[in-house]
2 protein chains.
Amino acid sequence: MSKSSKQRATLNDVARLAGVDVSTASRVLRGDTAQRVGKETKDRIHKSAKELEYLPNSVARALRTSKTYTLGIVVPQLDNPVFSAVIRGAERAAVAKGYSLLISHREPGETATTIANLSKRSRVDGLLVASLDEDEVLRTDLEAANVPYVLLNRQLPGAYYAVVLKSREAAKRATDYLISLGHRRIAHLSGRLGGFNANERLKGYCDALREAGIDYDSSLVEEAGYTFEGGKSAMLDLLGGDATAVMAATMVSAAGAMVALHEAGRQIPEDMSIIALHDGAIAEMLYPALSTVGMPTEEMGSVAAAILIQLLAGEQPEAVAALPAGPLIVRASTGPMTI
Amino acid sequence: MSKSSKQRATLNDVARLAGVDVSTASRVLRGDTAQRVGKETKDRIHKSAKELEYLPNSVARALRTSKTYTLGIVVPQLDNPVFSAVIRGAERAAVAKGYSLLISHREPGETATTIANLSKRSRVDGLLVASLDEDEVLRTDLEAANVPYVLLNRQLPGAYYAVVLKSREAAKRATDYLISLGHRRIAHLSGRLGGFNANERLKGYCDALREAGIDYDSSLVEEAGYTFEGGKSAMLDLLGGDATAVMAATMVSAAGAMVALHEAGRQIPEDMSIIALHDGAIAEMLYPALSTVGMPTEEMGSVAAAILIQLLAGEQPEAVAALPAGPLIVRASTGPMTI
DNA sequence: CTGAAAGCGCTAACAC
DNA sequence: GTGTTAGCGCTTTCAG
């Protein structure tokens, strides 16, 4: 029926078939409102386009307009459920606005190359950046990239676009719950101390203690980072103490802590209650099922993408969007304090 | 020091600075071997390029050569560790060859749109496709996309490029281990029956039984799909029977099964041994830690990307690459059969 | 060995 | 209302 059909139709083909100039076809097909085109001509063009199954060549368009409609996202780990969620959210929002998502996994330390690659080589319009690297490093690389960017769950000094989770609030909520169960000796498995997120969570933990009139005891906070191994060894260190409950900075470190507890023969929650920030499928898989305070990680991705797209459209979004913590989800890993 | 430096230098700028024609600059900077260029000219061009921090504009190049050096990957779930691993592998291989990876998450049923978007709108050079959809649907969409593609862990009738895991072998290895432990009533939590992977695994399971002289009993195989919930409810169905061990098609369904077991008050592995195909971080987090037979999922991603890139280079790779199953990893979820 | 010229497919002034 | 023109930045014959 159709011609050789192997070659894609170009705007030129459409114009010729409709008997108009290519510029007119462009205006019509793009829905350009500035200039009026005769209804009849318009119809002919649309008809031709449909007949030829015309689809604009995005590369040519990108060259002409210097907009690729592609966003880059750089993440430090691909296997962490938190980042999967962020990517999912970003992808959804991007696609909804007609953008594509270029993904770039990057080992810590490779930030510079990755960002350069993405922005220079691949020509993305903007960048979504989740990093575990030091702030200064990140800052320099990002500036060099010379494209708009929004940071994921991290604030750099000096007012840049970022979307963050209210992890201080989440940490307080989690700790509050432990306190409400009667616990007083509550340990905290922190993130990478000094980092933005770890600090926020630590503050939330302290907020809760203070409000309950419990003294802060530095021997109860152990740095676990955001890994399984980190959680495991941090919990090991805590085992000699008198903590009866622990609030972990993230699900994955909580999972490590639970393994340490099992190996030491402690009962959860009888001997030790445990709650974590971030909710996800893993929480249900653990034994006992992990109580959590959810965090809208997927939403963080979609909001970040939306902000970036606004930026690209020349709008002026709020510099930092702070997403409220999710709900407390009580499962089996937490229980009342028993003497 | 430098000029306004906001604008990126073009090939034209480099050529002008070096006092040569843009075509010569192009030849040199591209390392074109076909035509010889004077050493002296060459040096001048390289020097100018460095001075101006020239980086080729990939969009312009893509328009000219109709190659974007971008691969698209479409995955059905972003939160499944199996797909995270595949993406990681694909990204690594792509970047190593100078390609970028465009990611596209797709709900089952949206295949057509996604594939069309990726190939038409975003202009990828080729596609990496992991799907849970029906074969015919997939096939049609893929053909319409009109770009080279390689399938991930799935074979379509009619000889297309694919990389698959030897899951039959893996399933046999896992089942063999259960048999070696003395189990005779071994259940199987299968994938989506009728699907390529589910079939392969079922075959491997049967191979092992046959070899051991154990009769196949269809009441022992329950369809669990590849989800947590599926595993949980499949295990529930099995609880009334006399199985003493279970081989799950994937880690996530095994996790669901373990929860069902816990909730029913069964001991693992005393009352029920459990082993799964696929290894990953989750296996260590479960309680008891899950025995597995590993699968090279990350490698599947990198091999697929490598094949696709070969294809794009006009080479003729093997149509289907079958990756051997990984090792048996014995953890705590399996134990000898006890009466 | 190097330059001139054409053009990938599209958009955006600017004419008429 | 619609056509003309001039490129975006690069690659690639084809001359010389």
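Proteins get letters first, then strands, A, B, ... in listed order; numbering begins at 1 in each.
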> If you look at every strand shown and take non-hydrogen atoms under 4.0 Å, does A:Val20 touch a base, only sugar-phosphate, or nothing?
sugar-phosphate
> Considering only residues two or more places apart or on different chains, which pairs with a residue in residues 23-38 of chain B satisfy salt bridge (Lys or Arg N to Asp or Glu O under 4.0 Å)?
B:Arg30-B:Asp32
> Shoot me the first and last contacting nucleotide of DNA chain D against chain A, ordered 5' to 3', at under 4.0 angstrom to non-hydrogen atoms.
D:dG1 to D:dG9
> Measure from NZ on B:Lys39 to C1' on C:dT2 and round the result to the nearest Å.
17 Å
> Return whichever of A:Val22 or B:Ser23 has its heavy-atom-nearest nucleotide of DNA chain C closer to the 5' end.
B:Ser23
> Taking only distance into account, with no hydrogens and no angle test, what donor-acceptor pairs under 3.5 Å do side-chain atoms of residues 300-318 of chain A form with protein atoms, sequence neighbours excluded?
residue: A:Ser302; atom: OG; partner: A:Glu299; partner atom: O; Å: 3.0
residue: A:Gln310; atom: NE2; partner: A:Glu315; partner atom: OE1; Å: 3.2

> Go through it in stages, so that I can follow the logic: the residues are B:Ser23 and B:Asp21, the test is side chain to side chain donor-acceptor pair (under 3.5 Å), and I'd like the CA-CA distance, side-chain angles, deciding distance and then a yes or no.
CA-CA 5 Å; B:Ser23 60; B:Asp21 187 85; 2.7 Å; yes
> Between B:Lys47 and B:Asp43, is the closest basic N to carboxylate O distance under 4.0 Å?
no
> Heavy-atom distance under 4.5 Å between the side chains of B:Tyr160 and B:Glu143, does that happen here?
yes
> Hey, are A:Glu53 and A:Arg8 close enough for a salt bridge, meaning a charged N less than 4.0 Å from a carboxylate O?
no
> What I'd like to find out is whether the side chain of A:Leu101 reaches to under 4.5 Å of the side chain of A:Val95, using heavy atoms alone.
no
> Please report the distance, rounded to the nearest Å, between CG in A:Asp21 and P in C:dC14.
18 Å
> Tell me whether the side-chain N/O atoms of A:Arg30 come closer than 4.0 Å to OP1 or OP2 in C:dA12.
yes
> Heavy atoms within less than 4.0 Å of DNA chain D: which residues of residues 61-68 of chain A have one? Give them sorted by number.
A:Leu63, A:Arg64
> Is any side-chain heavy atom of B:Leu102 closer than 4.5 Å to a side-chain heavy atom of B:Leu71?
no
> Nearest whole angstrom, please: distance from the P of C:dC14 to the CG of A:Asp32.
15 Å
> What's B:Arg27 touching, base or sugar-phosphate or nothing? Going by heavy atoms closer than 4.0 Å.
base
> State whether the side chain of B:Thr70 and the backbone N or O of B:Thr68 hold a donor-acceptor pair below 3.5 Å, judged by distance alone.
yes
> Can you see which heavy atom on B:Leu152 is nearest to which on B:Ile73, and at what distance?
CD1-CD1, 4.3 Å
> Describe, as an angle rounded to 10 degrees, how the axis at the first end of the helix from C:dC1-D:dG16 to C:dC16-D:dG1 is tilted relative to the axis at the last end, five pairs per end.
40°
> For B:Tyr69, enumerate each residue passing the ring pair (Phe, Tyr, Trp, His ring centres under 6.0 Å) test, keeping only those at least two apart in sequence or located in another chain.
B:Tyr99
